[in-house]
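In what follows, a single structure is set out as structure tokens and then discussed.
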Amino acid sequence: MTNEIRVRFAPSPTGFVHIGSLRTALFNFLFARHHEGKNILRIEDTDQSRKVDGAVENLISSLERLGITFDEGPVTGGDKGPYYQSDRLEIYKKYCNDLLENGNAYYAFETQEELDEMRRLQQLEGKQTMYDRRGRDLSADEVNQKLASGIPYVIRLKVPLGEEVRFNDLVKGNIKIDTDIVDDQILLKSDGFPTYHLANVVDDHLMNITHIIRGEEWITSVPKHILIYRALGWDVPQMAHVPLILNPDKSKLSKRQGDVAVEDYLKKGYLKEALVNFIALLGWNPGEGEEKEFYSMEELIKAFTLERVQTSGAVFNIDKLNWMNNSYIKSYDIDALTEMSVPFFEGTGIDTNDRDKLKKILSAIRVYLNKLDEIPNHVGIFVNESVVLDDEKLRELLTADSSKIAFESLIKKIETIDSLTADNYKSAIGDVQTETGVKGKSLFKPVRIALSGSENGPELPAIAEILGKDKVLDLLKKWI
RNA sequence: GGUCCCAUCGACUAGGGGUUAGGUCGCCACUCUUUCACAGUGAAAACACGGGUUCGAAUCCCGUUGGGACCGCCA
């Protein structure tokens with residue numbers, strides 16, 4: 001298959017999956033599946049100082065939980081591996097040497113301090129800060145001498161001057177950049193590791209990547225990459241730079257202004273389907289007057305095209321996510337929802353082994369939940385030993401004559417029932433109405449308050465069933 | 001500061017020469033409901049500005065303004 005589409009998601013293993021990364025991963029996955037191509041995971045761990053233990057496993061499991069899978073990668077394997085860049089060091093060195101030999105790269109020996117000073121001066125002059133290419137002037141003898149004396153070195157790209165690099169980005173369109181402002185990028189660091197730029201180009205080429213789909217923050221380094229491809233005599237893959245996900249103040253989505261890790265959202269009880277649906281619609285939409293808001297992964301795969309990716313950034317709007325998550329919670333299969341809600345019932349005083357009860361409670365309260373971690377806010381009425389009333393007005397209402405009459409009647413009715421259900425509670429309360437003449441607000445309000453301690457909440461019959469006969473009787477008897 | 005990118009309701013967006021500029025979230029009102037919520041109905045709410053091109057511009061071009069990203073031996 002020569003025309004097979006191959007894309008890659010290439011995160012650095014920093015420990016968690018950023019919402020922005022999630023969207024990049026999603027778009028890559030969607031694009032690959034839409035075209036029946038391959039989705040590849042590559043770990044960009046060339047920065048030794050940023051290694052985090054267990055990060056890769058965490059990353060893969062987070063993504064897989066959301067339904068984003070890979071056809072090749074560190075766990076899955078594949079014939080283009082290894083998929084850890086730290087296992088590919090020899091490969092990068094080889095191509096770096098090629099670049100050195102064909103005159104497209106050179107040695108440089110500046111210290112960190114020298115580079116800092118260079119930038120400081122440039123800043124003073126109001127120029128773009130970049131390496132001043134002074135290493136290009138070193139003679140072969142000078143270079144050999146420095147090398148021989150063991151001075152630390154890096155290898156830099158020799159950017160051809162006075163040219164214009166053009167490329168056609170699949171979402172941004174035509175972009176051109178003058179090579180004079182392209183930095184002589186470091187290719188190989190003094191620790192022998194490649195930089196992102198070199199490793200990226202080499203790997204994308206060797207792994208036969210056809211489309212590079214990544215965040216817009218990379219767009220300014222595309223010319224460097226193109227120059228490397230060119231210097232190595234390789235074809236440049238198609239590029240698609242997707243716009244950023246933004247904070248409410250329009251800056252790049254960052255930790256300071258809320259949660260940015262996918263794990264945080266999962267932990268709070270956002271459903272994976274809602275998260276995927278919401279993220280997909282951030283910066284992409286099917287267009288053509290389509291007004292649908294809810295998409296399954298399958299539907300997304302079918303509809304996804306790069307042409308429909310937005311050109312401008314999108315603010316991450318938590319209100320809309322909440323609304324969408326609530327919609328999913330309301331319509332989710334109740335048994336499945338019950339299972340995934342179990343952790344959120346821990347510590348509420350409700351026996352989580354009683355799945356039937358959990359299910360009933362969830363059915364009653366799911367309409368209130370924007371996310372599962374709000375469950376404890378709504379289950380208090382089901383575990384309270386007794387109802388405490390701070391409000392004197394409510395107390396008065398419960399001790400009113402009509403309330404007493406209604407309570408007495410209701411108690412009698414319920415005592416004849418074996419097992420209290422929503423249905424027989426309903427008929428019991430109906431009987432109370434006809435027998436006592438107490439009805440409407442003056443009936444329902446006191447009962448609600450007596451049972452739940454609150455003026456509002458889920459439907460009374462449901463509450464009664466969940467509370468059970470004994471508990472309902474107890475609560476009612478307090479007021480007669 | 002330099003380079004690049006971007007610009008429709010508060011937010012996500014549809015529309016891409018002729019539309020009452022449409023939908024969704026949020027906000028507000030009303031209806032339904034014993035309550036809250038849900039649901040339903042309705043309202044308020046946008047083409048950043050200035051020049052062109054054109055019979056006609058939100059739509060095409062240029063400029064201005066505004067916003068953002070990048071400018072590391074991080075990715």
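Numbers restart at 1 for each chain; the letters A, B, ... are given by sequence-line order, proteins then strands.
- By the side chain to side chain contact (heavy atoms under 4.5 Å, CB included) test, A:Leu115 pairs with A:Glu110, A:Gln112, A:Met118, A:Arg119, A:Tyr131, A:Arg156, sequence neighbours left out.
- Taking 4.0 angstrom as the limit, A:Arg119 places a side-chain polar atom (N or O) nearer than this to OP1 or OP2 of B:rC73.
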Check nucleotides 63-65 of chain B for protein N or O atoms closer than 3.5 Å to its own N or O atoms and list the pairs.
none

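- Looking at residues 181-188 of chain A, you'll see A:Ile181, A:Ile186 sit with a heavy atom under 4.0 Å from some atom of RNA chain B.
- OP1 or OP2 of B:rG2 has not a single side-chain nitrogen or oxygen of A:Gln123 nearer than 4.0 Å.
- Residues from residues 274-283 of chain A that place a heavy atom under 4.0 Å from any atom of RNA chain B, listed by number: A:Leu281, A:Leu282, A:Gly283.
- Residue A:Glu110 is classed as a base contact, given a heavy-atom separation below 4.0 Å to a base.
- Annotation: B:rC47 and B:rC9 have their P atoms spaced 7 Å apart (nearest Å).
- The same atom, P, is picked in B:rU19 and in B:rU24; the two are 23 Å apart, to the nearest Å.
- Between A:Lys189 and B:rA75 there is a side-chain N or O to OP1 or OP2 distance below 4.0 Å.
- Among residues two or more places apart in sequence or in another chain, the side-chain hydrogen bond (donor to acceptor under 3.5 Å, both in side chains) test is passed with A:Lys93 by none.
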Between protein and nucleotides 19-36 of chain B, map the contacts as a letter string: B base, S sugar-phosphate only, - none, heavy atoms under 4.0 Å, written 5' to 3'. ---SBBSS-------BBB
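- Remark: the separation of the C1' atoms in B:rU8 and B:rA45 is 12 Å, to the nearest Å.
- Residues forming a side-chain hydrogen bond (donor to acceptor under 3.5 Å, both in side chains) with A:Glu307 (at least two apart in sequence, or on another chain): none.
- For A:Thr179, the side chain to side chain contact (heavy atoms under 4.5 Å, CB included) partners are A:Val159, A:Glu163, A:Val165, A:Leu227, not counting sequence neighbours.
- Geometric assessment of A:Lys272 against the ring of A:Tyr270 yields a negative cation-pi assignment under the 6.0 Å and 45° thresholds.
- Listed by chain and residue number, A:Arg166, A:Lys176 satisfy the side chain to side chain contact (heavy atoms under 4.5 Å, CB included) test with A:Glu164 (two or more places apart in sequence, or in another chain).
- Listed pair A:Ser312 / B:rG68 fails the phosphate criterion, with no side-chain N or O lying under 4.0 Å from OP1 or OP2.
- Among residues at least two apart or in separate chains, side chain to side chain donor-acceptor pair (under 3.5 Å) pairs with a member in residues 455-466 of chain A are A:Lys360-A:Glu465, A:Lys445-A:Glu455.
- Atom CG of A:Asn247 and atom C1' of B:rG67 are 14 Å apart (whole Å).
- Partners of A:Gln310 by side chain to side chain contact (heavy atoms under 4.5 Å, CB included), not counting sequence neighbours, listed by chain and number: A:Pro243, A:Asn285, A:Ser312.
- Among pairs with a residue in residues 422-431 of chain A, none fulfils salt bridge (Lys or Arg N to Asp or Glu O under 4.0 Å), at least two apart in sequence or across chains.
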